Protein chains: 2
Amino acid sequence: MLNTKEVIIVEDRFTQQLKKGILEMLVLQLICEKPTYGYELLSRLKEQSQNRFVLKEGTLYPILYRLEDDGMISAQWQQGTGRVAPKKIYEATENGRQENVRRKRIWEEFSETVTGFLTGGDTK
Amino acid sequence: MLNTKEVIIVEDRFTQQLKKGILEMLVLQLICEKPTYGYELLSRLKEQSQNRFVLKEGTLYPILYRLEDDGMISAQWQQGTGRVAPKKIYEATENGRQENVRRKRIWEEFSETVTGFLTGGDTK
DNA sequence: CCTTAGTATTTAGCATTGCTAAGTGCTTTT
DNA sequence: AAAAGCACTTAGCAATGCTAAATACTAAGG
C-alpha cells in the first residue's frame, strides 16, 4: 500500500461502553494462551478480532498494570537481545487463570441473558 | 413471603463493568415494546432478566433522563388518577426505535466477536 | 543527512456510566 | 404510629476506555 492511512471509524458512545470490562478480559485471555508483551498484544487483539479491537497504547498498558496489581499476571523484563529494545513479558498467574475461567463463565451467562432479553420481547 | 429481605449479591467490578451501555439498551428496548414509567421498568427489568438486572432508582432514572436528552424517548406526566401518584410515562420516539434496532445489531455482532475470541484460542 | 515510520513503554487528563445513599411525598398495611 | 410500598429526584464516587503526548532506539527512503 502506498498510503498507509486507515479509515477512521469514529466509534459512538454505545460501542465504546460495550467494551468496558471486555478488553481486560480479552487481554487476560491472550496472556493465558501464551506469555506476551504489550506491543504484541496490540497486534494480536487487532488481528484476532478482525479489526474490531484496535487499541492505542494508552488503552492497553493501563490494563496490563491493573491486571498486574490485581495479581492476575506477572511481569519480567526481557534483556534487550542484541540491539532489540527490552520487552516486558507478562504471563498469567494461577490466580489469573482461575479468574479467566470465571470471567468466561460470567460472560457466557451474561451475554445469553442480554440476547434473550432483546429477542424475547421483539420491538416488532 | 414473610421476610421480604433478599439475599444481597455483592457484584464484583467485572460484572459491574459488563453492564456499561447494556442497561441503557435494555431500558430503551423495554420502552420500545410499550410505553412505561420508571418504577415499572424496575420490576420489568428484574423479572424479565430472572433477577440479573435488579437496579436501584438511582441507576434507572438517570438512564431515562439521558435517553430523553438524546431524543430517544419522550415523557409526559400522567395525571394522578384519583389518589394514585402521577407517573411520568415514557415512549420511544422514531429516532429511539431506529437507534434501538441499530444497537441490537451492534450488540449481536459484538457479542459474537467476543465469544469467538474466548473460545477460539482456548486457554486449555 | 534528515525525516519518517516502526518497535516498545509510560503517563496525564477527560468522558461516560453504573453504583450507593439519601431525600421528598403520598398511600396502604400492620 | 410505624413500616412498607409506590414514584421520582439528586449528589457524589469508582472504574474503565479514550485521546494525546513523551521517551528512546532502530531501520528505511529521498
Side-chain angles (χ1 to χ4, degrees), chain A residues 1-6 8-28 36-43 45 53-70 75-90, chain B residues 1-6 8-28 36-43 45 53-70 75-90:
Chain A
M1 267 178 269
L2 265 177
N3 194 342
T4 49
K5 267 186 209 158
E6 302 212 22
I8 294 169
I9 298 162
V10 178
E11 227 162 41
D12 62 348
R13 292 202 329 252
F14 178 63
T15 309
Q16 189 172 311
Q17 292 298 323
L18 284 188
K19 295 186 186 162
K20 297 270 164 107
I22 301 291
L23 294 186
E24 194 181 293
M25 174 173 64
L26 297 185
V27 168
L28 180 55
T36 333
Y37 55 98
Y39 204 81
E40 196 191 44
L41 280 166
L42 291 177
S43 51
L45 277 164
F53 297 122
V54 184
L55 313 191
K56 300 265 172 63
E57 296 93 326
T59 303
L60 176 67
Y61 287 103
I63 290 178
L64 290 172
Y65 305 149
R66 268 189 337 248
L67 285 170
E68 196 183 4
D69 289 345
D70 292 345
Q76 55 179 16
W77 280 98
Q78 185 196 59
Q79 289 293 36
T81 336
R83 51 189 53 166
V84 181
K87 306 176 214 294
K88 211 169 169 183
I89 307 286
Y90 292 94
Chain B
M1 270 179 266
L2 265 178
N3 193 342
T4 48
K5 267 187 209 157
E6 303 212 21
I8 294 167
I9 299 164
V10 178
E11 227 163 42
D12 63 348
R13 291 204 327 256
F14 177 63
T15 310
Q16 189 172 311
Q17 292 299 321
L18 284 189
K19 295 184 187 163
K20 297 268 165 108
I22 299 291
L23 294 186
E24 195 181 292
M25 173 171 66
L26 297 184
V27 168
L28 180 54
T36 334
Y37 57 98
Y39 205 81
E40 195 192 42
L41 281 166
L42 291 176
S43 52
L45 276 165
F53 297 121
V54 184
L55 313 191
K56 300 266 172 62
E57 296 94 323
T59 302
L60 176 67
Y61 287 103
I63 290 177
L64 290 171
Y65 305 149
R66 267 188 337 248
L67 284 171
E68 197 183 2
D69 289 344
D70 292 345
Q76 54 177 20
W77 280 98
Q78 185 194 61
Q79 288 294 37
T81 336
R83 51 189 53 167
V84 181
K87 306 177 213 295
K88 210 169 169 182
I89 308 284
Y90 291 94

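What you are looking at is a predicted structure, and each value in this text was computed from that prediction instead of being measured. Order of the sequence lines sets the chain letters (A, B, ...), proteins ahead of strands, with each chain counted from 1.
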Decide yes or no for [X] and [Y]: does some side-chain heavy atom of the first lie under 4.5 Å from some side-chain heavy atom of the second?
X	Y	answer
B:Ile63	B:Leu41	no
B:Lys19	B:Glu11	yes
B:Trp77	B:Tyr37	no

With heavy atoms under 4.0 Å as the rule, sort [X] into base, sugar-phosphate or nothing.
X	result
A:Lys19	sugar-phosphate
A:Gly58	base
A:Glu24	sugar-phosphate
B:Glu57	base

Think [X] has a side-chain N or O under 4.0 angstrom from the OP1 or OP2 of [N]?
X	N	answer
A:Thr59	D:dC18	yes
B:Lys56	C:dA22	no
B:Arg66	C:dT17	yes

**Item:** Distance (rounded to the nearest 0.5 Å) between B:Phe14 CZ and A:Met25 CE
**Value:**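 The distance works out to 4.5 Å.
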**Asked** Can you tell me how far CG of B:Leu23 sits from CD of A:Gln17, rounded to the nearest 0.5 angstrom?
**Response**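 Interatomic distance, A:Gln17 CD to B:Leu23 CG, rounded to 0.5 Å: 11.0 Å.
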Find the distance [X]:[atom1] to [N]:[atom2] and express it as a whole number of Å.
X	N	atom1	atom2	value
A:Asp12	D:dC18	CG	P	12 Å
A:Tyr61	C:dG13	OH	P	21 Å
B:Leu28	C:dT17	CG	P	13 Å
A:Tyr39	C:dA5	OH	P	13 Å
A:Leu42	C:dT10	CG	C1'	13 Å
B:Arg13	D:dT16	CZ	P	4 Å
B:Lys87	D:dT9	NZ	P	14 Å
A:Trp77	D:dA24	CH2	P	13 Å

Shortest side-chain distance from [X], nucleotide among [options]:
X	options	result
B:Tyr65	C:dT9, C:dG18, D:dT10	D:dT10
A:Lys88	C:dA8, C:dT16, C:dT10	C:dT10
B:Pro62	D:dT10, D:dC18, C:dG18	D:dT10
A:Gln16	D:dT16, D:dC18, D:dT10	D:dC18
A:Tyr37	C:dA8, D:dT10, C:dG18	C:dA8
B:Gln17	C:dT9, C:dT11, D:dT16	D:dT16

**Item:** A:Glu40 bridged to A:Lys87 by N-O distance under 4.0 Å
**Value:**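 Salt bridge: no.
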